[in-house]
J.: 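One structure coming up, written as C-alpha cells, with questions to follow.
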Number of protein chains: 2
Amino acid sequence: MEKKNTIISISERTGFSVSTVSRVLSGKAEAARISKATVETIQQEAKRCNYKPSLLAKGLRTNKTNTIGLVIPSMENIYFANLASTIIRDARAYGYTTVTVDTMEDESNERNGIDSLLARNVDGIIVTPCGQDPAWLENINRNTTPVVLIDRYFNSTELPYVCTDNYQGGYEATRYLLNNGHENILCIQGTPYSMPVRERVRGYLNALRGKGLEERARIVGDSFSIQNGYLETKLVLNSVSRPTAIFALSNTILLGAIKAIRESGLSIPNDISIITFDNNTFLDFIDPPVTRMSQPVNEIGTLSVKLLMQSIDEKRPIDTKLQLQPQLIVCESVANVLLEAERVG
Amino acid sequence: MEKKNTIISISERTGFSVSTVSRVLSGKAEAARISKATVETIQQEAKRCNYKPSLLAKGLRTNKTNTIGLVIPSMENIYFANLASTIIRDARAYGYTTVTVDTMEDESNERNGIDSLLARNVDGIIVTPCGQDPAWLENINRNTTPVVLIDRYFNSTELPYVCTDNYQGGYEATRYLLNNGHENILCIQGTPYSMPVRERVRGYLNALRGKGLEERARIVGDSFSIQNGYLETKLVLNSVSRPTAIFALSNTILLGAIKAIRESGLSIPNDISIITFDNNTFLDFIDPPVTRMSQPVNEIGTLSVKLLMQSIDEKRPIDTKLQLQPQLIVCESVANVLLEAERVG
DNA sequence: GTGGTTTACGCAAACGTTTGTGCAAGTATA
DNA sequence: TATACTTGCACAAACGTTTGCGTAAACCAC
C-alpha cells in the first residue's frame with residue numbers, strides 16, 4: 001500500500017503521459033494548454049495518493065533546490081543562535097529550507113562545510129566567515145552560487161554583506177565610558193583581525209584619541225569565548241593599574257569578565273564598570289543589567305536573506321553592502337566616576 | 001575554465017568509462033578489480049579538476065543523502081539552540097549534514113516542515129513534536145524514515161525518544177521548595193498536555209501530596225514563552241494569597257516571571273522564591289543566580305544522534321527510550337522560610 | 001591448441017523529474 | 001475544399017550518479 005508515488009506511477013494510473021502529469025503538478029498546465037478535465041483527473045489522483053515530488057530529482061533536473069546554506073562559527077553563542085533563528089524563519093517564508101553548518105571557528109571546517117553545501121546544490125549561502133581570505137568565496141559568488149556575508153566581512157571585497165556599523169559602535173560605547181569619566185578603559189577583543197573586531201577597536205581608539213588619551217589604550221584578548229573574557233579580566237584585575245571600565249566586545253567575553261570580577265569580590269559598577277557589544281534578553285536580568293551596544297540582529301538576518309533572494313532571483317552577483325547602526329542601551333553597569341569624585345572629594 | 005566536473009567529463013578526459021570512474025571515485029576500485037594504474041590516472045584527474053560528486057544525483061540513485069532533519073519549536077529559545085548546537089556538531093562528526101526546521105510551536109508548520117524533509121530524502125529525523133498525535137510520525141518511522149523524539153514524547157508510543165526524567169525533575173524541584181518551608185507554590189507551565197509539562201506537573205503534585213498539601217496546588221500558564229511567565233506572575237502577585245515560591249517550567253517562563261516580580265518591587269528571594277527548569281550559562285549571572293533543575297542538554301543531543309544513526313545503519317526502527325536524570329543546581333533564588341520564621345518569631 | 005580462470009574494464013538501465021519538439025485531430029479562414 | 005491555426009497531449013533526452021551483468025584479452029594447465 002505504501003507504493004512509491006512518483007510522477008510515473010501517476011501517469012500509469014491516469015493514463016496520461018509523464019510529461020503531462022509533470023506539467024500539471026508543477027503548475028504549468030495553463031502554459032501547456034492541458035484541458036481542464038485532464039488537470040482535474042491528475043490532481044485528484046495526486047491528492048489521493050498523497051504525491052510529494054522528489055526534491056532530489058527536481059533539483060538534479062532544474063538545478064534549483066530551494067535550499068540555502070547558513071554557515072556560522074558557533075550555534076552555542078546566543079548571538080549566532082538568534083541570527084540563525086531569524087534567517088531560518090525568513091528563508092522559510094520565501095519557500096527555502098536552510099542547511100546549517102557550524103564551523104566552530106575553524107577554517108577547514110568552513111571549507112568542508114561550504115564544499116558540502118555546494119555539492120548539495122544550495123541556491124545560495126549566508127556566511128560568517130572565519131578565515132581572512134575572500135578570494136575563495138568571491139570566486140564561488142561569481143561563478144557558482146550567490147554568497148552573502150553577515151556579521152564579518154572582508155577588507156575590500158566585492159562580496160555583498162550586511163553587518164553592524166562596528167566602528168560607530170566601538171566609538172560610541174567608548175565615548176559613553178569617557179563621558180562618564182573613565183580614562184582607564186580595557187578593551188577585550190575577540191578573534192583578532194576579524195573585521196568587526198578591527199572596526200570596534202578602531203572606534204575605541206578614535207574615541208580615546210578624541211580626548212587625547214590614545215596612549216591609555218589597552219587592548220587584550222584573542223577569541224569570542226567566555227574563557228577569553230575570564231582570563232584577560234583575571235589578569236588585569238591583579239595588575240598595578242586596574243582599569244575603571246571594561247569594554248567587552250561580545251556577550252561571551254562579557255560573561256567571562258563578570259565571572260572574574262565577581263570572583264575578585266569587586267562590585268559592578270561601584271568598583272569597576274563594564275559595557276558590552278551584542279544584545280539579548282538575558283542581559284537585562286544580569287546583576288546589574290548590562291549597558292550595551294545592541295546589534296540589530298533581526299534586521300541583519302532579515303536583510304541578508306532578502307539580499308540573497310535578490311541575488312538568486314536575478315541570477316547574478318549583487319554588490320549591496322549594508323552597515324546597520326547599533327544602538328546604545330543604557331543600564332546600570334557603568335558608573336559615573338565624575339559624580340563619584342565630586343561626592344568623595 | 002569553470003567547466004562542469006562530472007564523472008562523465010572525467011571519463012571523457014581519461015578515456016575510461018563512466019562506470020570505471022564512478023567505481024574508482026566512490027572507493028570501490030578494489031572490489032571491482034580496477035588496476036592500480038587506472039586508479040592513479042582517474043584520481044589524479046579528479047584532484048586536478050577539483051571534482052565534487054553531485055549529492056543530488058548520488059542521493060537520487062542510492063536513496064541515501066547523508067542528511068538528517070532537525071525539527072524544533074523555536075531556535076530563539078536558548079534551550080533548543082543549545083540542543084541544536086550539539087546535534088548539528090555530532091551529526092557532522094558522523095558525516096551527516098543537518099537541515100533545520102523551526103516550527104514556531106505550530107502543528108501545520110511541523111507537518112509541512114517534515115513533509116519537506118521527506119521530499120528531500122533525509123536519512124532520519126530528530127524532532128521535538130508540538131502536536132499530540134504520534135500516529136503520523138510512527139507511520140513515518142515504520143515505513144519511510146527513522147524518527148527519534150527529543151525533549152517531548154508521547155504517552156504510549158513506539159517511537160524512540162531521549163529526554164529528561166521530567167517527573168523526577170518536577171518532584172525534586174518541588175521537594176526542594178517544600179524542604180525550604182514553602183507551602184504556597186505556584187507552578188507556571190508551558191504548552192499544556194505536552195509530555196514534559198505533564199510529567200513535571202505530576203512530579204510537582206506528588207511532592208505536594210507527600211506533605212499533604214495537594215489542595216494547595218496552583219498550576220497556571222499555557223506556553224513556553226516569556227510573555228506567559230510575565231502575565232501569570234503579574235496576575236498572581238496581585239492575588240490575595242501571594243505564593244511564597246514560583247516554580248517556572250522553563251527558562252523563558254522564568255525570565256517573564258522575574259520581570260513581573262521586579263516590576264512589582266518585590267525582591268528575590270526575600271519576598272518570593274523562584275526555581276526553574278532548564279539550564280544555561282546566563283542563569284548564573286542573573287540577579288540572584290537562579291536555582292534550577294538542569295536538563296542534560298548535551299547528553300540528550302548526543303544520544304539522540306547516536307540512536308538515529310543506529311536506526312539508519314540497521315535500516316529498521318528501534319525502540320530505545322531514554323530518560324536522563326536532571327540535576328538540581330542550588331543557587332540563591334530560593335529562601336528558607338523556616339529559618340526566616342525562626343528569626344522573625 | 002583447447003578449455004577454463006582471472007583480470008580489467010565497458011554497456012546500459014535506473015533513480016524521478018523537466019522541457020523542447022513533434023504531431024494528430026479539431027476549428028477557423030480563405 | 002484546401003490551408004492554416006489551435007488544442008491537447010506524447011516522445012525522448014537530459015540532469016549526474018550507481019550497479020548488475022557482460023565480455024575481450026591475458027594467463028594458466030594440460
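First the proteins, then the strands, lettered A, B, ... as listed; each starts at 1. Note that the structure is a prediction, hence the values are computed from the model and not measured. Atoms considered below: every heavy atom in the structure, side chains included; atoms not considered: hydrogens, waters and symmetry mates.
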J.: Side chains of B:Tyr161 and B:Asp151: any donor to acceptor distance under 3.5 Å?
T.: no

J.: Which part of the nucleic acid does A:Ser22 contact within heavy-atom distance under 4.0 Å: base, sugar-phosphate only, or nothing?
T.: base

J.: For B:Asn5 and D:dC15, give me the distance from atom CG to atom P, rounded to whole Å.
T.: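 Distance check: B:Asn5 CG to D:dC15 P gives 14 Å.
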
J.: Do any N or O atoms of the protein come closer than 3.5 Å to N or O atoms of nucleotides 12-14 of chain C, and which pairs are they?
T.:
from: C:dA14; atom 1: N3; to: B:Arg61; atom 2: NH1; distance (Å): 3.1

J.: From CG of B:Leu25 over to P of D:dT19, roughly how many Å is that when rounded to an integer?
T.: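 About 14 Å, once rounded to whole Å.
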
J.: For A:Thr38 and A:Thr41, test the side chains for any donor-to-acceptor distance below 3.5 angstrom and give the result as yes or no.
T.: no

J.: Is B:Arg120 side chain donor-acceptor paired with the C:dG16 base, going by distance under 3.5 Å alone?
T.: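 Answer is no: no donor-acceptor pair is held.
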
J.: State whether a side-chain donor-acceptor pair under 3.5 Å links B:Asn121 with B:Asn63.
T.: yes

J.: I need the NZ-C1' distance between A:Lys28 and D:dC9, as an integer number of Å.
T.: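 These atoms are roughly 16 Å apart.
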
J.: For a quick check under 3.5 Å, do A:Ser22 and A:Ser19 share a side-chain donor-acceptor pair by atom type?
T.: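 There is no such pair between these side chains.
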
J.: Consider the side chain of B:Ala57, meaning its heavy atoms from C-beta on, and name the nucleotide among C:dG16, C:dC9, D:dT17 that approaches it most closely.
T.: D:dT17

J.: Provide the full list of salt bridge (Lys or Arg N to Asp or Glu O under 4.0 Å) pairs with a residue in residues 128-143 of chain B, sequence neighbours left out, each pair given once.
T.: B:Arg142-B:Glu158

J.: When you match A:Lys58 and B:Phe16 each to their closest nucleotide on DNA chain C, which lands nearer the 5' end?
T.: B:Phe16

J.: What is the separation between atom CG on A:Leu60 and atom C1' on D:dC15, rounded to the nearest whole Å?
T.: 4 Å

J.: Atom CD of A:Glu12 and atom P of C:dG16: how far apart are they, to the nearest Å?
T.: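 Rounding to the nearest Å, CD of A:Glu12 and P of C:dG16 are 11 Å apart.
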
J.: Could you check which residues of residues 29-43 of chain A get a heavy atom under 4.0 Å from DNA chain D? Sort them by number, please.
T.: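 Contacts with DNA chain D under 4.0 Å: A:Ala32, A:Arg33, A:Ile34, A:Ser35, A:Thr38.
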
J.: Please give, in whole Å, the distance from D:dT17 P to B:Leu55 CG?
T.: 9 Å

J.: Decide whether B:Tyr51 and B:Gln43 meet the rule of one side-chain donor and one side-chain acceptor closer than 3.5 Å.
T.: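 No donor-acceptor contact under 3.5 Å links the two side chains.
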
J.: Tell me: CD1 of B:Ile8 to P of D:dG16, nearest whole Å?
T.: 7 Å

J.: When you compare the side chains of B:Asp90 and B:Thr302, does any donor N or O come within less than 3.5 Å of an acceptor on the partner?
T.: yes

J.: Run B:Ser311 and B:Arg316 through side chain to side chain donor-acceptor pair (under 3.5 Å) and show every step you take.
T.: CA-CA 6 Å; B:Ser311 190; B:Arg316 63 179 185 81; over 6 Å; no

J.: Side chain of A:Arg23, base of D:dG8: donor and acceptor closer than 3.5 Å?
T.: no

J.: Could you tell me whether the phosphate oxygens of C:dG10, OP1 or OP2, come under 4.0 Å of any side-chain nitrogen or oxygen in B:Ser17?
T.: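 Affirmative; the distance criterion is met.
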
J.: Would you tell me whether A:Arg120 and A:Thr65 have side-chain atoms, one donor and one acceptor, within less than 3.5 Å of each other?
T.: no

